[in-house]
Amino acid sequence: MSESEVLDEVIRLIVEVVGEDVLLGMEVTADTTFSDDLGLESIEFVALADKLRERYGTQVDLVAFLGDMDIDEIMAMTVGQLVGHIQAQPAASTG
């Protein structure tokens, strides 16, 4: 999958997790941060992790990805960084 296809899919999953009403008037892009822009809370990260696992299989492990970061990196993480992580997983099921 191309970067733009993965980005579109991740945005779709984010909308499923937070709801369209939360994102009204907001354009989610690769530069959108999960904390400052989207205001994701830990329970929403868990829900997103589940959706990513359902979509891409066990190779895309959001919890492990976040586990390698310190709190400041997690707070500043962008949608694009997550897309890059997904694309870096060669065994991820993208179909």
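- In this structure, OG1 on Thr32 lies 7.0 Å from CE on Met26, to the nearest 0.5 angstrom.
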Kindly list each side-chain donor-acceptor pair under 3.5 angstrom involving residues 11-21, sequence neighbours excluded, with atom names and distances?
{"from": "Arg12", "atom 1": "NE", "to": "Glu9", "atom 2": "OE1", "distance (Å)": "3.4"}
{"from": "Arg12", "atom 1": "NE", "to": "Glu9", "atom 2": "OE2", "distance (Å)": "3.4"}
{"from": "Arg12", "atom 1": "NH1", "to": "Glu16", "atom 2": "OE2", "distance (Å)": "2.2"}
{"from": "Arg12", "atom 1": "NH2", "to": "Glu9", "atom 2": "OE2", "distance (Å)": "2.5"}
{"from": "Glu16", "atom 1": "OE1", "to": "Lys51", "atom 2": "NZ", "distance (Å)": "3.0"}

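- Residues Ile71 and Leu38 fall into different hydrophobic clusters, defined by Ile, Leu, Val, Met, Phe, Trp and Tyr side chains chained together at heavy-atom separations under 4.5 Å.
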Checklist entry - Taking it one step at a time, do Arg55 and Leu52 satisfy side chain to side chain contact (heavy atoms under 4.5 Å, CB included)? => result CA-CA 5 Å; Arg55 174 65 179 90; Leu52 288 168; 5.8 Å; no
May I have the list of side-chain donor-acceptor pairs in residues 73-83 shorter than 3.5 Å, sequence neighbours left out?
{"from": "Glu73", "atom 1": "OE1", "to": "Asp70", "atom 2": "N", "distance (Å)": "2.8"}
{"from": "Thr78", "atom 1": "OG1", "to": "Ala30", "atom 2": "O", "distance (Å)": "3.4"}
{"from": "Thr78", "atom 1": "OG1", "to": "Gly80", "atom 2": "N", "distance (Å)": "3.4"}
{"from": "Thr78", "atom 1": "OG1", "to": "Gln81", "atom 2": "N", "distance (Å)": "3.1"}
{"from": "Gln81", "atom 1": "OE1", "to": "Thr78", "atom 2": "N", "distance (Å)": "2.7"}

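- Tyr56 OH to Gln87 CD: the interatomic distance, rounded to the nearest 0.5 Å, is 8.5 Å.
- Side-chain heavy atoms closer than 4.5 Å link hydrophobic residues (I, L, V, M, F, W, Y) into clusters, and following such links, even through other members, never connects Val46 to Val60.
- Under the 3.5 Å distance criterion, the side-chain polar atoms of Ser35 are left unmatched by any main-chain donor or acceptor of Gly39.
- Glu5 places a side-chain N or O within 3.5 Å of a backbone atom of Ser2 that can act as its donor or acceptor partner.
- Within 6.0 Å of CD1 in Ile43 there are 12 or fewer heavy atoms belonging to other residues, nucleotides or ligands.
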Name every donor-acceptor pair, under 3.5 Å, that has one atom in a side chain of residues 62-69 and the other anywhere in the protein, sequence neighbours excluded.
none

